[in-house]
Number of protein chains: 2
Amino acid sequence: MFSKATEYALRATIYIAQKSSVDKKLSLTEIAQAIDSPPSFTAKILQLLTKDNSVIHSVRGPNGGFYITEKNKQLPLKKILEVVNENDLFEKCILGLKKCSETNPCPLHFQYKPIKQELIYLFQTNTILELSEKADSESLFINNK
Amino acid sequence: MFSKATEYALRATIYIAQKSSVDKKLSLTEIAQAIDSPPSFTAKILQLLTKDNSVIHSVRGPNGGFYITEKNKQLPLKKILEVVNENDLFEKCILGLKKCSETNPCPLHFQYKPIKQELIYLFQTNTILELSEKADSESLFINNK
DNA sequence: CTAATTAAAGGTATTTTTGTCCTTAATTAA
DNA sequence: TTAATTAAGGACAAAAATACCTTTAATTAG
């Protein structure tokens, strides 16, 4: 469904929302361990999410790390997909046809349509905050190996 | 959503179901042109679908090519996904967590569950025949560029 | 039987994705 | 001010997906 990059972006953001605050920032090392992702690759993805502080924030130096503001916790999950450029899922034809449309539909078009709508709804209505609250504080990301 | 390989597999099979018969086999060249896919790569995928005649059939030599039997047209689309090994879509956690389950759910688990069910239903209940009949005989695959 | 046609099979090449490493910049504490 | 810490940024490496090409095998028509 999603690329590794997107999976890591979603997991990392949810974890950061769950565990961080302005005065309790999380290091790359902690995040990567918690969500079971390769640290260096995760760093790249966190950079994307940090750009313009669009999703998460970062601070360098001792006691630095990553955190997310209360305001940004109100962002929908969809925002994360936009940042990692996997947002086209909600526009693409399921058969990969470039010109599939309402007037020139692929054979799956009208059956897939409501499913796509539900996916869009899922990522548009769920905020980072809501998801982080659903994430059990201990058991979610550990034991993922 | 799907890999290129899977998209080509679905498109090719639907096209073959729509246009071929035992005495009107389709060549690789025609198929690849019709569904707008790279011929050599498509050949590999058709080989998979042909193996053990599990989905489509092939004949070498002059007037050879690919076709599908009426019997195999009754197969669900899911069969195609199995052959190209993208069947795990219906089992995987949307966040990529290895141990996500009913008792240890990821934060999206219960919201994604019904969507996943609908996807499974879509690919299990739709047969190749049904899809090929929905595919407009002329306008579906052309103009895809 | 021979030549032509078409898919099968295998190897190779390219591109994209995923992952690593090293240096630089920022921040902090001593 | 210096040393330590942590993310940013860039170059590089490995793996996987996608795409191509060449030879072989099967089939058919003449």
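These values consider heavy atoms only, across backbone and side chains, with no hydrogens, waters or symmetry-generated copies. First the proteins, then the strands, lettered A, B, ... as listed; each starts at 1. Bear in mind the structure is a predicted one, so any value in this text is a computation, not a measurement.
In the set C:dA29, D:dA29, D:dA7, D:dA29 carries the atom at the smallest distance from any side-chain atom of B:Asn63.
In this structure, B:Tyr67 shares a hydrophobic cluster with B:Val22, B:Val59, the cluster being traced through Ile, Leu, Val, Met, Phe, Trp and Tyr side chains under 4.5 angstrom apart.
Residue pairs that meet the salt bridge (charged side-chain N to carboxylate O under 4.0 Å, His left out) test with at least one member in residues 50-68 of chain B, sequence neighbours left out, do not exist here.
Within 4.0 Å of B:Ser27, counting heavy atoms only, lie sugar-phosphate atoms of the nucleic acid but no base atom. A:Ile45 comes within contact range of no nucleotide atom at all, as no heavy-atom separation falls under 4.0 Å.
In this structure, the separation between CG on B:Leu131 and CG on A:Leu108 is 4.5 Å, given to the nearest 0.5 Å.
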Every protein N/O within reach of nucleotides 8-10 of chain C N/O, cut-off under 3.5 Å:
{"from": "C:dA8", "atom 1": "OP1", "to": "B:Ser58", "atom 2": "OG", "distance (Å)": "2.7"}
{"from": "C:dA8", "atom 1": "O4'", "to": "B:Arg60", "atom 2": "NH1", "distance (Å)": "2.7"}
{"from": "C:dA9", "atom 1": "N7", "to": "B:Gln47", "atom 2": "NE2", "distance (Å)": "3.4"}
{"from": "C:dG10", "atom 1": "N7", "to": "B:Lys44", "atom 2": "NZ", "distance (Å)": "2.6"}
{"from": "C:dG10", "atom 1": "O6", "to": "B:Lys44", "atom 2": "NZ", "distance (Å)": "2.6"}

Restricting both atoms to N or O, compile the protein contacts to nucleotides 16-18 of chain D shorter than 3.5 Å, with distance only.
{"from": "D:dT18", "atom 1": "OP1", "to": "B:Lys4", "atom 2": "N", "distance (Å)": "3.0"}

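Direction change of the helix axis from one end of the helix from C:dC1-D:dG30 to C:dA30-D:dT1 to the other is 0°, with five pairs defining each end axis (rounded to 10°).
Within a 6.0 Å radius of CZ in A:Phe110, more than 12 heavy atoms belonging to other residues, nucleotides or ligands are found.
Residue B:Phe2 is grouped with residue A:Ile120 when hydrophobic side chains (ILVMFWY) are merged at heavy-atom distances under 4.5 angstrom, including chains of intermediate members.
A donor and an acceptor atom, one from each side chain of B:Gln111 and A:Lys134, are located under 3.5 Å apart.
Across residues 82-89 of chain A, not one residue has a non-hydrogen atom less than 4.0 Å from an atom of DNA chain C.
Ring centroids of A:Phe90 and A:Tyr112 are separated by 6.0 Å or more, keeping the two rings apart.
In terms of position along DNA chain C, the nucleotide closest to B:Pro62 lies nearer the 5' end than the nucleotide closest to the other residue of the pair B:Pro62 and A:Ser40.
B:Tyr67 has its OH atom 16 Å from the P atom of C:dT6, to the nearest Å.
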